[in-house]
Amino acid sequence: MKFYLLIHILFFLIILSFNVKAQNQIVADLSQENVEISTDFLGAKILLFGAYDGRKGDDIIVVVTGPKGLATIQKKGNVLGVWVNTKKVNYINAPKYLSISSNRDIDKILNQKTQKISEIGLNNLNVRIQPGKPINNEQEWREALTRNMLKSKLWSVNENSVSLIKNSLFRSYLSLPSNVTTGKFEVKILHYRNSKLISKETSNINVSKSGFSAEIYNIAQNYSTLYGILAVLLAVFIGWGTNLVFRKV
């Protein structure tokens, strides 16, 4: 399997080297465009490779963004000697997955203003708190969101991980953790020269569930009431069975 993948990559790169003739053009491909999550899914590693019309000193940044949605940050407090969740903040458009890779330190490629405008960097994401009651210490909550996403490996910054070959070819690896969400992932390859965007290429990765986990996911999404009833019944059955076993022992 690896041999055929290597042949495919070499053949594709040869074609790219001939096709990238127009000035400031970039072309890329992925070793895997569809990822299926099953019950034994342990993560996936995807190779991104391509060709670009480069010069010495050019830079490549790869930004992979998953579906955006609700992310909840909770804060624990001591209530009557018990630590429980007492406060929470909802972010309504947080990327469920984000990977930023580059051939060298991003601060050496782009200044802070350009990074903020382009939303490159974990602290430059335009995530919004759910409207409602006022929130104190917004910066602390925002930092907590970043820490949680980094800890779960759903957000990452991988500087010096994109390999550039003779100012014409590049490659990078994308890691999807086992807890990755499903949906369409946008892959952006950005080509910079002297901190100026020269060209970009966009492609997609589709992540979906398969097998038994897919059936459970579909039931949870399409029949939420039935799923809730089954979950309660399963919890009751497991509790009753555990109690029965220990009572006999």
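We number each residue from 1, following the sequence as shown.
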Quiz item: Under a 4.5 Å side-chain heavy-atom rule over Ile, Leu, Val, Met, Phe, Trp and Tyr, are Leu197 and Ile61 clustered together?
Solution: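 Leu197 and Ile61: one cluster.
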
Separation between [atom1] of [X] and [atom2] of [Y], rounded to the nearest 0.5 Å:
X	Y	atom1	atom2	result
Leu125	Lys116	CG	NZ	10.0 Å
Phe49	Leu30	CZ	CG	7.5 Å
Lys153	Leu176	NZ	CG	12.5 Å
Glu159	Ile100	CD	CD1	9.0 Å
Ser199	Asp53	OG	CG	8.0 Å

Self-check item: Sub-4.5 Å side-chain heavy-atom contact between Arg147 and Leu150
Solution: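 Not in contact.
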
Quiz prompt | Side-chain heavy-atom pair Asn148, Thr146 within 4.5 angstrom cut-off | solution =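 Answer no - side chains too far apart.
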
With a 3.5 Å cut-off and no angle check, do the side chains of [X] and [Y] form a donor-acceptor pair?
X	Y	result
Asn124	Gln112	no
Asp107	Gln115	yes
Asp58	Asn167	no

Please give me the minimum heavy-atom distance between [X] and [Y], naming the atom from each residue.
X	Y	answer
Arg104	Lys108	NH2-O, 3.4 Å
Ala71	Ala94	CB-CB, 3.8 Å
Asn179	Ser152	ND2-O, 3.2 Å
Thr181	Val207	O-CG1, 3.6 Å
Ser195	Ile109	OG-O, 2.6 Å
Gln130	Ile92	CB-CG2, 3.5 Å

Quiz item: Do other residues, nucleotides or ligands put more than 12 heavy atoms under 6.0 Å from Asp105 CG?
Solution: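 Yes, CG of Asp105 has more than 12 neighbouring heavy atoms, counting only those of other groups under 6.0 Å.
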
Quiz item: Does Arg171 CZ have over 12 foreign heavy atoms under 6.0 Å away?
Solution: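 12 or below, so no.
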
Quiz item: Where does the angle between the aromatic ring planes of Tyr97 and Phe185 fall among parallel (under 30°), tilted (30 to 60°) and perpendicular (over 60°)?
Solution: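 Ring orientation of Tyr97 relative to Phe185: tilted.
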
